[in-house]
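Taking it in order: structure first as structure tokens, then the write-up.
Start at 1 and go down the list; that is how both ligands and their atoms are numbered. Residue indices begin at 1 and follow the sequence shown. None of these values were measured; they are calculated from a predicted model.
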Amino acid sequence: MSQSSGGTVLVAGASYGIGEQIARHFAVRGCKVILAARSADRLSAIAESLPSAVPAPVDFSKLEALQDWLAGIVRDHGPLSSLVYCAAVMSRIPLRDFDVPTMEEIFRVNTMAPILLTQAFRRPGSFRAPGSVVFVSSIIGMVGRPSLTVYGASKEALHGFVRSAALELCRQGIRINAVAPGMIETEHNMTEFARMSEVQKASVKAAYPLGIGAPMDVVKAVEFLSGEDSKWITGTTLVVDGGYTAQ
Ligand SMILES: NC(=O)c1ccc[n+]([C@@H]2O[C@H](COP(=O)([O-])OP(=O)(O)OC[C@H]3O[C@@H](n4cnc5c(N)ncnc54)[C@H](OP(=O)(O)O)[C@@H]3O)[C@@H](O)[C@H]2O)c1
């Protein structure tokens, strides 16, 4: 079954940006969507605007509670067909300024939470085969950028996890992949972009042969990797970056 024509999809990071657009896309295509993030009011407003969506507020940095949280979702809404993890902390911090709590928060939300949720998803009764897991990572897990050292490390770790987890999970009928986007025109990004000088803006634009991406560019890649059109693809990271890393 294609994820875009039914099933229950958990979208982590559904309150803003790319995750919100992923959730909206799956919902209008007939999926029941579980909307997860911290901003409860915003999730409720998004859910009300969609045909079949439920808010499920959660803080992904609270790792100890995550597996029970997912078990509760399954108890209330039945087995999941897909898990899409799009939440992240993206702090631009020079290496000299990092402290342990900041580093820990980045790794908890960006790396450890998706790993623990995958572990909970694979439990018998939690998913309906064929199941799929898709992580939204970043090209900064593949190429470097000053001030994104720990963010890049947290995303690259996902790519390593995806490869080995794919080999374990295939026996249960679960595929797992990642999508690595380049710069996408989200509300948050455009606010940051607006603060740049004209020279900085021109240099960012010039780095993308096909221009800066739109949320829908990532949504389509996630949809493909979630559904049966990619039934022979697992353990891979799909780069969606307008040619940035081809240079
Ligand atoms: N935008 C880009 O250019 C770009 C490029 C490459 C990769 N990416 C990746 O794409 C994904 C989405 O990016 P975006 O730009 O759309 O991000 P965004 O607009 O900043 O949204 C981030 C999402 O993560 C959630 N989140 C953050 N911390 C959380 C926590 N502790 N617990 C629960 N939810 C939490 C936020 O919800 P709450 O604040 O409500 O909790 C929000 O829904 C991220 O994984 C990012 O690394 C983005």
Open item on the list: Side chains of Ser132 and Ser82 only: does a donor on one sit below 3.5 Å from an acceptor on the other?
Closed with: yes

Task: Within reach of ligand 1, part of Asn189 (heavy-atom separation under 4.0 Å) - done: side chain

- [ ] Give a yes/no on ligand 1: does Tyr151 have at least one heavy atom closer than 4.0 angstrom to it?
- [x] yes

Open item on the list: Counting neighbours of CE on Met142 that are heavy atoms of other residues, nucleotides or ligands and sit closer than 6.0 Å, is the number greater than 12?
Closed with: yes

- [ ] Measure the distance from atom 10 (O) of ligand 1 to every protein heavy atom, then report the residue, atom name and distance (to 0.1 Å) of the closest one.
- [x] Val136 CG1, 3.3 Å

Open item on the list: When you compare the side chains of Ser15 and Arg38, does any donor N or O come within less than 3.5 Å of an acceptor on the partner?
Closed with: no

Open item on the list: Does Gln67 have more than 12 heavy atoms from other residues, nucleotides or ligands lying within 6.0 Å of its CD?
Closed with: yes

Task: Region of His188 that comes within reach of ligand 1 [heavy atoms, distance under 4.0 Å] - done: side chain

Task: Option with minimal heavy-atom separation from atom 8 (N) of ligand 1, where the choices are Ala87, Ala36, Ser137 - done: Ser137

Task: Atoms of ligand 1 close to Gly17 [distance to a heavy atom under 4.0 angstrom, numbered from 1] - done: 16 (O), 19 (O)

Open item on the list: Give me the nearest non-hydrogen protein atom to atom 30 (C) of ligand 1 as residue plus atom name, then the distance to 0.1 Å.
Closed with: Arg38 NE, 3.5 Å

TODO: Might you check, step by step, whether the distance between atom 28 (N) of ligand 1 and some protein heavy atom is under 4.0 Å?
DONE: yes

Open item on the list: Geometry only, no angles: is Met183 polar-contacting ligand 1 at N/O separations under 3.5 Å?
Closed with: no

Open item on the list: For atom 31 (N) of ligand 1, what is the closest protein heavy atom, and at what distance to 0.1 Å?
Closed with: Asp59 OD1, 2.9 Å

Task: Check against salt bridge (charged side-chain N to carboxylate O under 4.0 Å, His left out), Lys220 and Glu223 - done: CA-CA 5 Å; Lys220 288 290 184 179; Glu223 180 181 34; 3.8 Å; yes

TODO: Give the residue, atom name and distance (to 0.1 Å) of the protein heavy atom nearest atom 21 (O) of ligand 1.
DONE: Tyr16 CB, 3.9 Å

Task: Exercise: do Thr102 and Asp99 side chains pair donor with acceptor under 3.5 Å - done: yes

Task: Protein heavy atom at shortest distance from atom 12 (C) of ligand 1 - done: Cys86 O, 3.3 Å

Task: Side-chain H-bond candidate by donor/acceptor type, Arg163 with Thr236, under 3.5 Å - done: no

Task: Gly182, Ala88, Ser39: member with heavy atom nearest to atom 40 (O) of ligand 1 - done: Ser39

Open item on the list: Return the closest protein heavy atom for atom 36 (C) of ligand 1 as residue, atom name and distance.
Closed with: Ser15 OG, 3.7 Å

Open item on the list: Looking at Lys201, I'd like to know if its NZ atom is crowded, meaning that more than 12 non-hydrogen atoms belonging to other residues, nucleotides or ligands lie closer than 6.0 Å.
Closed with: yes

- [ ] Report the part of Val58 (side chain from C-beta onward, or backbone N, CA, C, O) that has a heavy atom under 4.0 Å from ligand 1; answer both or neither where that applies.
- [x] backbone

Open item on the list: Within the 4.5 Å heavy-atom criterion, are Ser147 and Ile93 side-chain neighbours or not?
Closed with: no

- [ ] Give yes if a backbone or side-chain nitrogen or oxygen of Ile139 is under 3.5 Å from a nitrogen or oxygen of ligand 1, and no if not.
- [x] no

Open item on the list: Give me the nearest non-hydrogen protein atom to atom 6 (C) of ligand 1 as residue plus atom name, then the distance to 0.1 Å.
Closed with: Pro181 O, 3.2 Å

Open item on the list: Checking contacts here: is it the side chain or the backbone of Lys155 that comes within 4.0 Å of ligand 1, counting heavy atoms only? Could be both or neither.
Closed with: side chain

Task: Per-atom contacts of ligand 1 with Val109, taking only distances under 4.0 Å to non-hydrogen atoms - done: 28 (N), 31 (N)

Open item on the list: Any heavy-atom pair between the side chains of Tyr151 and Ser138 that's under 4.5 Å?
Closed with: yes

Task: Under 3.5 Å: N/O of Glu105 near N/O of ligand 1 - done: no

- [ ] Answer with yes or no whether Pro215 contacts ligand 1, where contact means a heavy atom under 4.0 Å from a ligand atom.
- [x] no

Open item on the list: Counting neighbours of CD on Glu187 that are heavy atoms of other residues, nucleotides or ligands and sit closer than 6.0 Å, is the number greater than 12?
Closed with: no

- [ ] Before accepting this row, confirm whether a basic side-chain N of the pair Glu192/Arg92 lies closer than 4.0 Å to the acidic partner's carboxylate O.
- [x] yes

Open item on the list: Please say yes or no: joined through hydrophobic side-chain contacts below 4.5 Å, possibly via intermediate residues, are Leu43 and Phe26 part of one cluster?
Closed with: yes

Open item on the list: So for ligand 1, is Gly13 a polar contact partner (N or O within less than 3.5 Å, distance only)?
Closed with: yes

Open item on the list: I'd like to check whether Ile184 has a polar contact with ligand 1, where a contact means an N/O of the residue lying under 3.5 Å from an N/O of the ligand.
Closed with: yes

Open item on the list: Below 4.0 Å from ligand 1: does a non-hydrogen atom of Ala113 turn up there or not?
Closed with: no

Task: Aromatic ring pairing Tyr85/Phe135, orientation class (parallel under 30°, perpendicular over 60°, tilted between) - done: perpendicular

Open item on the list: Hydrophobic clusters here meaning ILVMFWY residues chained together by side-chain heavy-atom distances under 4.5 Å, can you tell me if Val89 and Phe161 are in one?
Closed with: yes

Task: Heavy-atom check, side chain of Leu238 versus side chain of Asn177, under 4.5 Å - done: no

Open item on the list: Under 3.5 Å between any N/O of Ser138 and any N/O of ligand 1: does that happen in this structure?
Closed with: no

- [ ] Please confirm whether Phe60 comes within less than 3.5 Å of ligand 1 when only nitrogen or oxygen atoms on both sides are compared.
- [x] yes

Open item on the list: One residue to check: Thr186. Relative to ligand 1, which of side chain, backbone, both or neither has a non-hydrogen atom less than 4.0 Å away?
Closed with: side chain

Open item on the list: What protein heavy atom lies closest to atom 16 (O) of ligand 1? Include the residue and the distance to one decimal.
Closed with: Ile18 N, 2.8 Å

